[in-house]
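One structure is given below, encoded as structure tokens.
Positions are given from 1 along the sequence.
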Amino acid sequence: MIKFRLGKGEEREILDYSNLTFFRKLASKMRDPKTRFDVKEFVSKGEDYLFNYTNKNVGSVDEKRRKFLKSLIFGIAAAAVVGIIPGVRVLVPPTVTVTTGFPKSLLVDSSGNPIKASSLPVNSPYIIIFEYPMTGEPNFLINLGDSSGKPVEIQPTKVVVPQTGKTYDFPGGVGPNKSIVAYSAICQHLGCTPPYIHFYPPSYVNPRQLTASEPDQLTAAALLAAKEANVPALIHCDCHGSTYDPYHGGAVLTGPTVRPLPSVILEWDSSTDYLYAIGSVGVATYPNGSNGIPSQDPTDDLSSSFGSPVGDKTTVTETENPFSS
């Protein structure tokens with residue numbers, strides 16, 4: 001049994017010899033040209049392909065083995081799996097290095113049909129959300145456009161975290177026009193969720209919203225910030241006025257938030273027009289520091305204490321149009 005020494009004589013089991021032997025044999029088969037692991041099939045079919053591959057090339061996958069293999073996919077040991085499967089890393093944009101361990105989830109509608117990128121309306125006022133990477137963790141799905149409703153290509157950019165002064169790389173939009181983005185729907189100030197935080201299309205970023213009722217009221221500071229940043233639309237939280245720039249990685253436009261909205265990394269399959277969530281980038285949503293500053297590594301959100309992974313599919317829902325007129 002392999003153990004990890006924690007100090008003061010305390011040890012924790014991380015891998016017994018049975019699983020170690022099994023893992024070595026699996027890794028060997030994956031590298032063998034005669035039984036090479038098909039990464040594309042793995043990405044397409046997820047754990048079912050891994051189970052079938054293992055059953056065929058290594059041995060019967062009983063319940064114990066199934067749990068062990070799942071831990072390789074979703075747990076800390078996922079880093080080892082990625083390391084032994086050539087090609088997996090290219091699925092993650094090269095500028096992002098913190099996505100290891102996230103599930104790859106196909107975005108589907110309430111009937112289980114894949115969402116097609118070209119079907120997403122541009123600048124929709126409706127709140128369109130999906131859970132990722134854990135159940136109960138909502139994210140916005142937005143097809144961004146300009147003031148005339150034409151899709152806008154969202155460029156990769158470096159996002160600043162005002163709380164720490166650090167930066168991270170946002171990979172940009174995806175889809176046929178590279179205009180589709182996804183951000184956490186949890187305000188980074190005090191955790192407000194939709195409808196109090198939501199996307200404001202260009203037609204609603206104007207002085208009329210200053211006197212609108214909740215949850216679609218804008219502050220004067222938000223309007224001014226949008227004008228100065230030269231962005232026609234924004235994400236705004238009606239709870240306390242925090243404002244985010246959806247065209248530039250969910251960057252902070254106005255406080256009181258001091259953290260950008262974490263971004264879900266999307267992948268678009270041009271052959272099917274399907275969308276996948278494959279990771280996250282930004283500051284971890286859940287605080288874990290005694291100083292009140294959460295980790296900059298979004299993989300901290302993968303802790304089982306925050307829920308369970310959404311799996312290989314996640315449902316996109318169009319909840320409501322928050323604007324009264």
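- The two atoms that bring Thr219 and Gly241 nearest to each other are CG2-CA, 4.2 Å, heavy atoms only.
- Summarising the geometry of Gly175 relative to Ala117, their closest heavy-atom pair is CA-CB, 4.4 Å, with the distance given to 0.1 Å.
- Take His248 and apply the ring-ring contact (aromatic ring centres under 6.0 Å, His included) test, not counting sequence neighbours, and it matches no residue.
- Other residues, nucleotides and ligands contribute only 12 or fewer heavy atoms inside 6.0 Å of the CG atom of Asn230.
- Under the 4.5 Å side-chain heavy-atom criterion for ILVMFWY residues, no single connected hydrophobic cluster contains both Ile235 and Val122.
- Looking at heavy atoms from C-beta onward, Pro194 lies out of side-chain contact with Thr319 at the 4.5 angstrom threshold.
- Note that CD1 of Ile129 and OG1 of Thr314 are 9.5 Å apart. Values are rounded to the nearest 0.5 Å.
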Checking Leu266 against Tyr276 for the side chain to side chain contact (heavy atoms under 4.5 Å, CB included) test, could you report, in this order, the C-alpha distance in whole Å, the side-chain angles of both residues, the deciding distance, and whether it holds? CA-CA 6 Å; Leu266 298 174; Tyr276 299 82; over 6 Å; no
Criterion disulfide (SG to SG under 2.5 Å) on Cys239 and Cys192, from CA distance to verdict: CA-CA 7 Å; Cys239 290; Cys192 287; 2.1 Å; yes
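- In this structure, OG1 in Thr315 is found 9.5 Å from CG in Leu106, a value given to the nearest 0.5 Å.
- Residues satisfying the ring-ring contact (aromatic ring centres under 6.0 Å, His included) test with Tyr200, not counting sequence neighbours, are His198, His236, Phe323.
- Two residues are said to be in side-chain contact when any heavy atoms from C-beta on lie closer than 4.5 Å; Ile197 and Asp238 fail this criterion.
- For the 3.5 Å distance criterion, the side chains of Ser179 and Asn143 qualify, holding a donor opposite an acceptor.
- In terms of modelled atom types and a separation under 3.5 Å, the side chain of Gln209 and the main chain of Asp216 share a donor-acceptor contact.
- In this structure, the side chains of Pro195 and Glu320 come closer than 4.5 Å at one or more pairs of heavy atoms.
- Hydrophobic clustering, with ILVMFWY side chains joined whenever heavy atoms are under 4.5 angstrom apart, keeps Val258 apart from Val281.
- For the pair Ser280 (side chain) and Pro298 (backbone), a donor-acceptor distance under 3.5 Å is absent.
- The minimum heavy-atom distance between Pro156 and Pro171, with the atom names listed, is CG-O, 3.4 Å.
- Side chain of Tyr183 to main chain of Pro246: a donor-acceptor pair is present (N/O by atom type, distance under 3.5 Å, no hydrogens or angles).
- For Tyr244 against Gly250, the heavy-atom pair with the smallest separation is CD2-O, 3.5 Å.
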Full working for side chain to side chain contact (heavy atoms under 4.5 Å, CB included) between Ser242 and His189: CA-CA 7 Å; Ser242 295; His189 175 223; 3.7 Å; yes
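- At least one donor-acceptor pair closer than 3.5 Å links the side chain of Asn206 to the backbone N or O of Arg208.
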Before you tell me yes or no, could you show the steps for Asn123 and Phe199 under side chain to side chain contact (heavy atoms under 4.5 Å, CB included), namely the whole-Å CA-CA distance, both residues' side-chain angles and the distance that decides it to 0.1 Å? CA-CA 9 Å; Asn123 291 337; Phe199 175 63; 4.0 Å; yes
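- Residues Leu275 and Leu120 meet the side-chain proximity criterion, which asks for heavy atoms closer than 4.5 Å.
- For residues 243-287, there are no disulfide bond (SG atoms under 2.5 Å apart) pairs, not counting sequence neighbours.
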Validation: residues 157-164 side-chain donor-acceptor distances under 3.5 Å, sequence neighbours left out:
unit_1: Lys158; atom_1: NZ; unit_2: Asp169; atom_2: OD1; d: 2.8
unit_1: Gln163; atom_1: OE1; unit_2: Arg259; atom_2: NH1; d: 3.2
unit_1: Thr164; atom_1: OG1; unit_2: Lys166; atom_2: N; d: 3.2

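- Remark: the backbone N or O of Ala212 is paired with a side-chain donor or acceptor of Gln217 at under 3.5 angstrom.
- By the criterion of side-chain heavy atoms lying less than 4.5 angstrom apart, applied directly or through intervening Ile, Leu, Val, Met, Phe, Trp or Tyr residues, Leu107 is grouped together with Val174 in one hydrophobic cluster.
- With hydrogens and angles ignored, the 3.5 Å screen pairs a side-chain donor or acceptor of Asp273 with a backbone N or O of Ser118.
- The hydrophobic clustering, which links ILVMFWY residues whose side-chain heavy atoms are closer than 4.5 Å, places Leu234 and Leu210 together.
- Formation of a donor-acceptor pair under 3.5 Å by the Ser124 side chain with backbone atoms of Pro121 is not found in this model.
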Under the side chain to side chain donor-acceptor pair (under 3.5 Å) rule, what do Ser271 and Asp269 come out as? Steps first, then yes or no, please. CA-CA 5 Å; Ser271 65; Asp269 184 338; 2.5 Å; yes
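- Applying the disulfide bond (SG atoms under 2.5 Å apart) test to every pair with at least one member in residues 103-168, sequence neighbours left out, gives no pairs at all.
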Decide side chain to side chain contact (heavy atoms under 4.5 Å, CB included) for Leu141 and Ile180; before the verdict, give the C-alpha distance in whole Å, the side-chain angles of both, and the deciding distance to 0.1 Å. CA-CA 7 Å; Leu141 182 65; Ile180 299 173; 3.8 Å; yes
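- No side-chain heavy atom of Ile115 sits less than 4.5 Å from a side-chain heavy atom of Phe130.
- Within the 4.5 Å cutoff, the side chain of Pro103 has heavy atoms near those of the Tyr132 side chain.
- Side chain of Asp301 to backbone of Thr285: a donor-acceptor contact under 3.5 angstrom is found.
- The shortest non-hydrogen separation linking Val205 to Ala226 is CG1-CB, 4.2 Å.
- Donor-acceptor pairing under 3.5 Å is recorded for the side chains of Thr243 and Thr254.
- Note that CG of Leu302 is 6.0 Å distant from CE of Met134, once rounded to the nearest 0.5 Å.
- Identified under the disulfide bond (SG atoms under 2.5 Å apart) test for residues 142-177, with sequence neighbours left out: none.
- No donor-acceptor distance shorter than 3.5 angstrom exists from the side chain of Glu267 to the backbone of Ile265, with no hydrogens or angles considered.
- Annotation: the span from Thr299 atom OG1 to Phe102 atom CZ amounts to 6.0 Å, rounded to 0.5 Å.
- To the nearest 0.5 Å, the span separating CG on Leu261 from CG on Asp245 amounts to 10.5 Å.
- Annotation: side chain of Phe170 is in contact with side chain of Val181 (closest heavy-atom distance under 4.5 Å).
- At least one donor-acceptor pair closer than 3.5 Å links the side chain of Glu131 to the backbone N or O of Gly136.
- Donor-acceptor pairing under 3.5 Å is lacking for the side chains of Ser295 and Asp297.
- Residues Leu218 and Tyr196 do not share a hydrophobic cluster, clusters being chains of Ile/Leu/Val/Met/Phe/Trp/Tyr side chains in contact below 4.5 Å.
- Asn321 contributes atom CG, which lies 5.0 Å from atom OH of Tyr126 (distance to the nearest 0.5 angstrom).
- Residues Pro260 and Tyr168 form a side-chain contact, since some pair of their non-hydrogen atoms from C-beta on lies under 4.5 Å apart.
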